[in-house]
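The structure appears right after this line, and notes come after that.
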Amino acid sequence: MNLTKKMIIASTSILLALGSVSGFTTVVGATPQKQSKTQATSSKSNLERQKKEAMDIFDSKDKKPGHLTVLYDGTDNSLSFNYLGITSLDYDEYTKLLSKYKTPGLQQLGGIPEGYVFKSGEIVPSYPLFLTKAYEMMLKELKAEAKGKKYYAKKLKWSEAGGAAVIFSKDSDVIRISSQKVQPLITEVTRVPGKGEKFENLSIKGIDAIYSTNSNDLYSTKLSWEDAEKQLKYEISTYKKSTLTKEDLVAIAESMIQKYSQKN
């Protein structure tokens, strides 16, 4: 009997102990839940403030031609760039800008079909493109500068252009010729045709080129090639309904390739 009583007392003690532990656990679980909700609200407010401050810099309302800013987004560990190109409607002024910013060669273009005249020119700043070594380096730098912030932006300085474009027009038809510095990639990327787009491989003065048609871009027809030695990419493009033929674009490309190869 005494043994039974002892067992009952012991069992009761265990139940009480478990009940006490269970009750304690419930209390502990409830307290962090309230703190977590408060912390989440505070964290969200802080994140929104960080984003607003960064966006005020990134997309400044008073940006001028040549504006270049970068935004670090710690939520997906990425960079975004915002720039405003430098444009000119005067050909002589534009050629001076090309020289000033050491723009990849678009000077004294030849082979332009008769009747097409200079309409405008644009120079864009140099900034690292996604999947390039320079992009990865800047991403690492800005992450360190952010010091734990999820959003961080700053203005970037530049003195050499990353690319340029010039437009010649004849009535409503246009020819856009552009050049861009090629940046080393950290992985190999092969361009494939978009929906409905068609590729044709060409050889122009011994250089491989791609003639693409029927894309959904504003400039639907494009002839592009690279100057491997100078690390430049060139592109000549027209509207989908342009009257210019493949041979017309090839003639412009031949003139450019010949002229720039003579400068080597």
Counting N and O atoms only, with roles assigned by atom type, does the side chain of Ser88 sit under 3.5 Å from a partner on the main chain of Asp90, one being a donor and the other an acceptor? yes
Just to verify, what does Tyr234 make a ring-ring contact (aromatic ring centres under 6.0 Å, His included) with, not counting sequence neighbours? Trp225, Tyr260
If you take all heavy atoms of Ala161 and Ile123, which pair is closest and at what distance? CB-CG2, 3.4 Å
In the hydrophobic clustering (ILVMFWY, side-chain contacts below 4.5 Å, transitive), which residues join Ile210, or is it alone? Phe199
So, for Tyr101 and Trp158, is the gap between ring centers shorter than 6.0 Å? yes
Note, Val124 side chain near Glu122 side chain (heavy atom, < 4.5 Å): yes
Does Leu202 form a side chain to side chain contact (heavy atoms under 4.5 Å, CB included) with Val250? I'd like the steps, not just the answer. CA-CA 9 Å; Leu202 303 176; Val250 169; 4.1 Å; yes
How would you list, by chain and number, every residue that makes a side-chain hydrogen bond (donor to acceptor under 3.5 Å, both in side chains) with Lys222, sequence neighbours excluded? Asp217
Through direct or indirect side-chain contacts below 4.5 angstrom among Ile, Leu, Val, Met, Phe, Trp and Tyr, which residues connect to Tyr219? Ile167, Val174, Leu218, Tyr239
Please tabulate, for side-chain N and O atoms in residues 126-143, each donor-acceptor pair with protein atoms closer than 3.5 Å (sequence neighbours left out).
residue, atom, partner, partner atom, Å
Thr132, OG1, Leu129, O, 2.5
Thr132, OG1, Tyr135, N, 3.2
Tyr135, OH, Leu79, N, 2.9

Apply side chain to side chain contact (heavy atoms under 4.5 Å, CB included) to residues Thr103 and Leu97 and explain how you reach the verdict. CA-CA 8 Å; Thr103 308; Leu97 289 172; over 6 Å; no
Which residues satisfy the salt bridge (charged side-chain N to carboxylate O under 4.0 Å, His left out) test with Glu145, sequence neighbours excluded? Lys154
Could you check Phe118 against Tyr91 for ring-ring contact (aromatic ring centres under 6.0 Å, His included), going step by step and ending with a plain yes or no? CA-CA 7 Å; Phe118 175 84; Tyr91 184 74; 5.1 Å; yes
Identified side-chain contact (heavy atoms from CB on, under 4.5 Å) partner of Ile252 from the options Leu244, Ile175, Leu223, Ile257: Ile175
Heavy-atom donor-acceptor pair, Asn214 side chain to Gly196 backbone, under 3.5 Å: yes
Do Tyr94 and Thr87 pass the side chain to side chain contact (heavy atoms under 4.5 Å, CB included) test, and can you show the C-alpha distance, the side-chain angles, and the key distance before you say yes or no? CA-CA 8 Å; Tyr94 182 62; Thr87 60; over 6 Å; no
Which atom of Leu249 lies closest to which atom of Ile236, heavy atoms considered: O-CD1, 3.6 Å
Heavy-atom check, side chain of Thr95 versus side chain of Leu106, under 4.5 Å: no
Determine whether Leu232 and Gln180 make a side-chain contact, defined as any pair of heavy atoms from C-beta on separated by less than 4.5 Å. no
Going by the salt bridge (charged side-chain N to carboxylate O under 4.0 Å, His left out) test, which pairs reach into residues 236-254, not counting sequence neighbours? Glu200-Lys246
Taking Ser179 for the side chain and Gly163 for the main chain, is one N or O donor matched with an acceptor at less than 3.5 Å? no
Taking only residues at least two apart or on different chains, which pairs with a member in residues 59-80 satisfy salt bridge (charged side-chain N to carboxylate O under 4.0 Å, His left out)? Asp59-Lys63
If the condition is side-chain hydrogen bond (donor to acceptor under 3.5 Å, both in side chains), which residues does Asp173 pass it with, not counting sequence neighbours? Tyr116, Ser242
Quick one: does any side-chain atom of Gln231 pair with a main-chain N or O of Ala228 as donor and acceptor, under 3.5 Å? yes
Donor-acceptor contact below 3.5 Å, side chain Gln50 vs main chain Lys150: yes
Lys52: partners by side-chain hydrogen bond (donor to acceptor under 3.5 Å, both in side chains), with sequence neighbours left out: Asp56
Tightest non-hydrogen contact, residues Ser224 and Lys233, listed as CB-CE, 4.3 Å
Who are the salt bridge (charged side-chain N to carboxylate O under 4.0 Å, His left out) partners of Glu197, not counting sequence neighbours? Arg191
Has Thr69 got a side-chain atom pairing as donor or acceptor with Lys155's backbone, closer than 3.5 angstrom? no
Closest approach of Leu71 to Ala54 (non-hydrogen atoms, all atoms of both residues): CD1-CB, 3.7 Å
Across all chains, not counting sequence neighbours, the side-chain hydrogen bond (donor to acceptor under 3.5 Å, both in side chains) partners of Lys181 are Glu160
Would you say the side chain of Glu48 lies within less than 4.5 Å of the side chain of Lys44, judging by non-hydrogen atoms? yes
